[in-house]
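What follows is a short report on a single structure.
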2 protein chains.
Amino acid sequence: MKQSPKQPAKKRRAQLIKAAERVFARKGYAGATTEEIARTAGLTKGALYFHFRNKEDVFFAVVKEVNDSIARKITRALDEEANPEKAIEKAIQSAFKLIEDHKFLTVEFWQKAHTIRRVKDFLAEEHKNMQNQIVRFLQKSGDLKKRECDSFFTLLHAIFDGLMVRQTCYGGEDDLRGLSKQVVEITKLYLKKNKLKLG
Amino acid sequence: MKQSPKQPAKKRRAQLIKAAERVFARKGYAGATTEEIARTAGLTKGALYFHFRNKEDVFFAVVKEVNDSIARKITRALDEEANPEKAIEKAIQSAFKLIEDHKFLTVEFWQKAHTIRRVKDFLAEEHKNMQNQIVRFLQKSGDLKKRECDSFFTLLHAIFDGLMVRQTCYGGEDDLRGLSKQVVEITKLYLKKNKLKLG
DNA sequence: TTTTAAATACCGACCGGTAGGTATTAAGAT
DNA sequence: ATCTTAATACCTACCGGTCGGTATTTAAAA
């Protein structure tokens with residue numbers, strides 16, 4: 001029977017990951033069959049298993065791809081502004097966009113972290129790396145204690161995770177844009193309160 | 001062979017729900033078998049299916065039970081204090097306890113809200129009810145705009161959901177108690193900033 | 001340049017295992 | 001005797017994963 005045109009393994013793997021993102025986001029881990037993922041990529045299961053060890057392996061590749069993409073976007077937002085306060089504001093705005101892009105998948109990641117050890121370890125590692133990055137950024141930009149920066153990051157990050165949940169489960173009436181402004185305001189308030197002066 | 005002593009349907013149902021809570025919390029929806037839920041309750045599948053229509057029905061009963069329990073605890077915390085600021089503080093402290101008690105299950109609820117319509121509808125309804133309750137409480141206690149109360153609730157609620165995620169996925173270094181104090185402080189700050197005077 | 005061989009990527013039929021769910025039967029209580 | 005609750009045996013459907021085979025591409029040899 002007629003085959004899909006051959007592609008280099010790396011390229012095909014990336015394509016399968018893209019297809020998997022869509023199917024996992026739509027149907028969740030259990031609801032997504034390996035057959036549907038392969039079909040979405042224009043292939044069959046045999047091909048999928050040629051490139052990946054098993055279903056969990058595919059999922060883990062998606063976890064890495066999405067989280068790496070998020071980290072790149074936040075980093076770019078921080079780097080694009082010289083003024084620290086504006087850089088934080090820009091990073092917050094980027095984070096809000098990511099809520100809409102990845103809300104279903106990230107809830108799936110959290111749920112699966114409970115049963116797949118390497119997913120949990122990876123998410124913990126990425127979270128820690130982002131915390132270190134943000135804390136370093138804040139300390140570089142002003143005179144402030146590490147402990148307060150840590151708390152700041154923890155609560156800010158919790159707000160974003162919580163808004164992910166809200167967008168997937170509660171169907172928020174408020175516009176995310178309005179909330180974005182609120183979060184920027186609270187951030188400035190909090191930084192002032194704890195004498196975290198920037199610039 | 002020897003049967004478990006018979007119980008009134010209502011009592012047995014409650015017992016099965018308790019068992020289901022534990023198994024769903026530990027293994028997630030897919031990983032939890034109806035056989036294991038029955039066994040955990042000291043019964044067999046036949047009995048489980050006598051009391052429940054199907055697996056999804058068991059899960060939905062757990063969703064209702066846990067969310068109702070949470071709502072009761074928050075309400076009690078608000079009612080126990082006459083002073084509004086202290087009432088809010090107490091409610092926040094109760095909410096922090098609930099994070100530890102229900103973190104795995106709530107992530108499971110959010111994940112399943114994506115594929116089970118009635119779970120999503122129920123969570124949205126409960127969220128709305130709690131929002132109305134908190135907003136009414138704030139308005140009763142001080143002169144304040146509904147829109148600002150709404151935002152306040154949304155962000156505060158997001159923090160708790162986000163901390164749920166953190167406790168399940170990121171393995172936070174910070175003590176929740178320290179964060180509890182921070183959240184109380186931010187709450188007061190925010191209420192002051194928006195001129196939400198209480199008392 | 002052409003032919004042949006080898007390597008790579010992909011297809012699809014099939015299988016084993018699992019779990020949800022049901023029909024029937026049994027046991028216990030009233 | 002009747003009703004309620006519980007147990008058992010079994011069925012069915014589905015899915016993850018395998019493997020024999022095929023098609024396509026690349027490399028080597030003539």
Side-chain angles (χ1 to χ4, degrees), chain A residues 1-24 26-63 108 111-112 115-119, chain B residues 1-20 22-63 108 111-112 115-119:
Chain A
M1 85 321 274
K2 202 172 158 70
Q3 274 195 2
S4 306
K6 281 180 168 185
Q7 296 258 16
K10 200 158 187 146
K11 196 168 177 181
R12 187 65 94 188
R13 201 182 139 90
Q15 189 188 337
L16 280 160
I17 290 172
K18 264 292 175 218
E21 271 188 50
R22 288 163 58 194
V23 184
F24 283 133
R26 255 196 333 119
K27 296 196 164 181
Y29 185 92
T33 65
T34 47
E35 171 143 27
E36 187 174 352
I37 293 170
R39 200 189 322 124
T40 301
L43 301 166
T44 63
K45 282 198 297 184
L48 183 114
Y49 282 95
F50 179 79
H51 293 280
F52 294 93
R53 184 187 209 77
N54 52 33
K55 187 179 181 183
E56 182 187 299
D57 208 32
V58 180
F59 183 73
F60 188 60
V62 169
V63 170
E108 204 64 39
Q111 192 270 334
K112 269 296 157 271
T115 50
I116 307 181
R117 182 83 228 185
R118 57 173 163 163
V119 170
Chain B
M1 100 315 278
K2 202 169 155 72
Q3 277 196 1
S4 304
K6 283 182 170 177
Q7 296 259 15
K10 200 158 187 144
K11 198 168 174 179
R12 185 67 94 188
R13 200 181 141 88
Q15 189 188 337
L16 280 159
I17 289 171
K18 263 299 175 208
R22 287 163 57 195
V23 184
F24 283 134
R26 256 198 330 122
K27 296 194 163 183
Y29 186 92
T33 67
T34 48
E35 168 142 25
E36 187 175 352
I37 292 168
R39 199 189 322 125
T40 300
L43 303 167
T44 64
K45 283 202 295 185
L48 183 115
Y49 281 95
F50 177 78
H51 293 281
F52 294 92
R53 184 186 210 77
N54 50 32
K55 186 179 180 183
E56 180 187 301
D57 207 33
V58 181
F59 184 74
F60 188 62
V62 169
V63 170
E108 203 64 38
Q111 192 271 333
K112 269 300 165 264
T115 51
I116 306 180
R117 182 82 229 184
R118 59 174 164 161
V119 170

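Throughout, a chain's letter reflects where its sequence line sits, starting with A, and its residues are numbered from 1. The basis for the numbers below is simple: all heavy atoms, side chains too, and nothing from hydrogens, waters or symmetry mates. Note that the structure is a prediction, hence the values are computed from the model and not measured.
Here the straight-line distance linking atom CD of A/Gln7 with atom CG of A/Leu43 works out to 9.0 Å at 0.5 Å rounding. In this structure, the separation between OG1 on A/Thr44 and CD on A/Glu35 is 8.5 Å, given to the nearest 0.5 Å.
Here side-chain hydrogen bond (donor to acceptor under 3.5 Å, both in side chains) pairs that include residues 46-56 of chain A, with residues two or more places apart or in two chains, are A/Glu56-A/Arg118.
Partners of B/Phe59 under the ring-ring contact (aromatic ring centres under 6.0 Å, His included) rule, at least two apart in sequence or in another chain, are B/Phe24, B/Tyr29, B/Phe109. Scanning for side-chain hydrogen bond (donor to acceptor under 3.5 Å, both in side chains) contacts around A/Gln15 gives A/Arg12, with sequence neighbours left out. For B/Lys27, the salt bridge (Lys or Arg N to Asp or Glu O under 4.0 Å) partners at least two apart in sequence or on another chain are B/Glu36.
For A/Lys6 and D/dT25, a side-chain-to-base donor-acceptor distance below 3.5 Å is absent, hydrogens and geometry of angles not being considered.
Of the residues in residues 8-19 of chain B, not one comes within less than 4.0 Å of DNA chain C through any heavy atom. Taken residue by residue, residues 32-51 of chain A places heavy atoms nearer than 4.0 Å to DNA chain D at A/Ala32, A/Thr33, A/Thr34, A/Lys45, A/Tyr49.
Rounded to whole angstrom, the span from the CZ atom of A/Arg53 across to the C1' atom of D/dG16 amounts to 15 Å. Computed from coordinates, the B/Phe52 CZ to D/dT5 C1' distance equals 14 Å when rounded to whole Å. Summarising the geometry, the separation between OH on A/Tyr29 and C1' on D/dC15 is reported as 12 Å, rounded to the nearest angstrom.
Among B/Val23, B/Leu48, B/Leu16, the one residue that satisfies the side-chain contact (heavy atoms from CB on, under 4.5 Å) test with B/Val58 is B/Leu48.
Side-chain atoms of A/Thr115 never come within 3.5 Å of backbone atoms of B/Gly28 as a donor-acceptor pair (strictly under, hydrogens ignored).
Put simply, A/Ser4 has a side-chain N or O that comes within less than 4.0 Å of OP1 or OP2 on C/dC11.
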